[in-house]
2 protein chains.
Amino acid sequence: MAQAYDILIENFRQLVPISDQEAEIIKGTFVVKKLNKKELLLSKGDLSNHMRFVADGCLKVYSIGEKDMEHILQFGISGWWINDLYAYLTETPSELFIQAITPSTVLQIHRDRLNKLYDEIPMVDRFFRIKTQHGYVALQNRTIRTMSQTAEERYVKFISDYREMEQQIPQYMIAAFIGVTPEHLSAIRKKMSL
Amino acid sequence: MAQAYDILIENFRQLVPISDQEAEIIKGTFVVKKLNKKELLLSKGDLSNHMRFVADGCLKVYSIGEKDMEHILQFGISGWWINDLYAYLTETPSELFIQAITPSTVLQIHRDRLNKLYDEIPMVDRFFRIKTQHGYVALQNRTIRTMSQTAEERYVKFISDYREMEQQIPQYMIAAFIGVTPEHLSAIRKKMSL
DNA sequence: GTACGTTCTTAAGATACCTTAATGCTTTCG
DNA sequence: CGAAAGCATTAAGGTATCTTAAGAACGTAC
């Protein structure tokens with residue numbers, strides 16, 4: 001499927017100028033990884049040696065806390081970048097899991113290759129600066145909402161933000177994302193529909 | 001006080017190589033801003049046209065929600081970068097406030113000048129990529145803790161993380177940072193000391 | 001040095017959310 | 001098709017945290 005690479009290059013070009021020649025170099029540095037439903041892309045204890053781009057499907061990044069409770073940090077569909085950035089940057093064993101919710105296609109670049117690419121194509125450096133800044137801003141908004149809004153308000157916000165994903169994501173994962181139990185989310189939905 | 005600029009350059013050199021010549025260029029792009037205790041560096045509704053580096057003192061970044069409740073997103077002391085990054089990147093009016101907790105010295109660079117600097121010195125681009133990645137990771141860890149820990153656990157973690165700031169920061173601001181009311185934090189501390 | 005603003009504490013009652021446990025509805029798959 | 005697994009719901013009782021209101025301790029300014 002050559003199309004996965006087209007989605008990747010398009011993703012770069014939304015933020016920085018990339019020549020056709022550079023595009024070919026970039027394509028050559030990413031490797032396709034196909035995942036079945038529920039297949040793990042990263043487990044706690046693994047090293048995270050790649051930056052990862054979702055070309056197709058839907059995945060979740062999560063940690064497991066006390067009593068096997070899942071806390072979902074991020075969902076990712078086509079066009080999103082997903083990783084345990086801390087494990088990637090520090091080269092230490094990951095504390096997180098990444099799992100495919102639906103059959104998915106991911107493009108991966110190894111850290112060593114990416115570090116070289118930063119020098120070969122400075123716009124790649126800039127691309128990841130801007131991408132990370134956007135990610136930081138999104139996380140900061142989530143932090144504010146967690147502190148200032150009720151579970152019901154966070155749920156309504158989730159539905160409007162993730163309209164395109166909502167179909168593919170079971171309710172208990174939405175609960176694990178907004179920070180409530182599945183039982184409580186069920187109660188919220190019941191109350192809302194009245 | 002020329003020392004403020006030395007702290008800035010040292011901050012760059014912790015992450016990327018900067019020649020002495022480049023250091024002089026960078027120094028020339030930042031302007032010193034002194035703040036009195038409680039003085040506002042940014043208010044809701046303002047445009048945020050600068051990237052900001054704390055050389056001295058202590059500041060807070062916060063939003064004001066329902067019932068004039070403060071939600072603190074970040075504290076900053078010497079060596080930290082603080083901003084409303086969303087307002088800065090989108091050039092839209094800020095939703096946040098930045099205020100000096102103690103008399104402070106901040107170094108600021110205007111967006112237009114920084115964008116030029118990215119082209120003149122690619123290592124500046126790289127510096128902000130890495131800085132933002134670190135900030136993203138820190139925020140993500142905070143997100144996990146907010147979802148998985150009790151207020152008491154978050155308070156203990158705060159005390160160990162911010163040992164050097166704790167003196168300068170009143171308790172009710174720590175409460176506004178970890179996401180509880182001042183009354184409840186007071187109760188937590190009482191319980192802990194028994 | 002008195003007065004005012006700021007910060008912290010205390011305590012009672014209210015509420016949002018959790019825990020547990022049971023039930024039924026889907027979807028999956030041999 | 002039938003069994004098992006996965007998922008959503010319901011309800012009762014429990015706990016963490018908030019709200020409100022009051023007062024104490026502290027610093028700071030005139």
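Just so we're on the same page: letters track the sequence lines, and every chain starts at 1.
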Interface polar pairs with nucleotides 3-6 of chain C, N/O, under 3.5 angstrom:
none

Open item on the list: Centroid separation under 6.0 Å, is that true for the rings of B:Phe128 and B:Trp81?
Closed with: yes
- [ ] Say whether A:Leu73 and A:Tyr162 are linked into one hydrophobic cluster, either directly or through other cluster members, by side-chain heavy-atom distances under 4.5 angstrom.
- [x] no
Task: Residues B:Arg126, A:Asp119; criterion salt bridge (charged side-chain N to carboxylate O under 4.0 Å, His left out); working and verdict - done: CA-CA 10 Å; B:Arg126 178 166 304 179; A:Asp119 291 325; 2.9 Å; yes
TODO: Over all heavy atoms of both residues, which pair between A:Asp20 and A:Arg13 is shortest? Give the atoms and the distance, please.
DONE: OD1-NH2, 2.9 Å
Task: same_hphob_cluster(A:Leu89, B:Val16) at 4.5 Å side-chain heavy-atom cutoff - done: yes
Task: Straight-line distance of A:Met173 CE to A:Ile101 CD1, nearest 0.5 Å - done: 4.5 Å
- [ ] Determine to 10° how strongly the helix from C:dG1-D:dC30 to C:dG30-D:dC1 is bent, judged from the axes of its five-pair ends.
- [x] 40°
TODO: Indicate for each nucleotide in nucleotides 16-30 of chain C, in 5' to 3' sequence, whether protein heavy atoms under 4.0 Å reach the base (B), only the sugar-phosphate (S), or nothing (-).
DONE: -SSBBB---------
Task: Boundaries of the DNA chain D segment in contact with chain A, non-hydrogen, under 4.0 Å - done: D:dC7 to D:dA11
Open item on the list: I'd like to check the side-chain hydrogen bond (donor to acceptor under 3.5 Å, both in side chains) partners of A:Glu10; sequence neighbours left out, ordered by chain and number.
Closed with: A:Gln14
Open item on the list: For B:Lys27, I'd like to know if atom NZ has over 12 heavy atoms of other residues, nucleotides or ligands within 6.0 Å.
Closed with: yes
Task: B:Ile98 and its side chain to side chain contact (heavy atoms under 4.5 Å, CB included) partner, picked from B:Leu59, B:Val106, B:Asp46 - done: B:Leu59
Just distance, no hydrogens or angles: give the donor-acceptor pairs under 3.5 Å from side chains in residues 175-185 of chain A, sequence neighbours left out.
{"from": "A:Thr181", "atom 1": "OG1", "to": "A:His184", "atom 2": "N", "distance (Å)": "3.2"}

Open item on the list: Please report the interatomic distance CD(B:Gln74) to CG(B:Leu96), rounded to the nearest 0.5 Å.
Closed with: 10.0 Å
Open item on the list: Parallel, tilted or perpendicular, judged at 30° and 60°: which one describes the rings of B:Phe97 and B:Tyr62?
Closed with: parallel
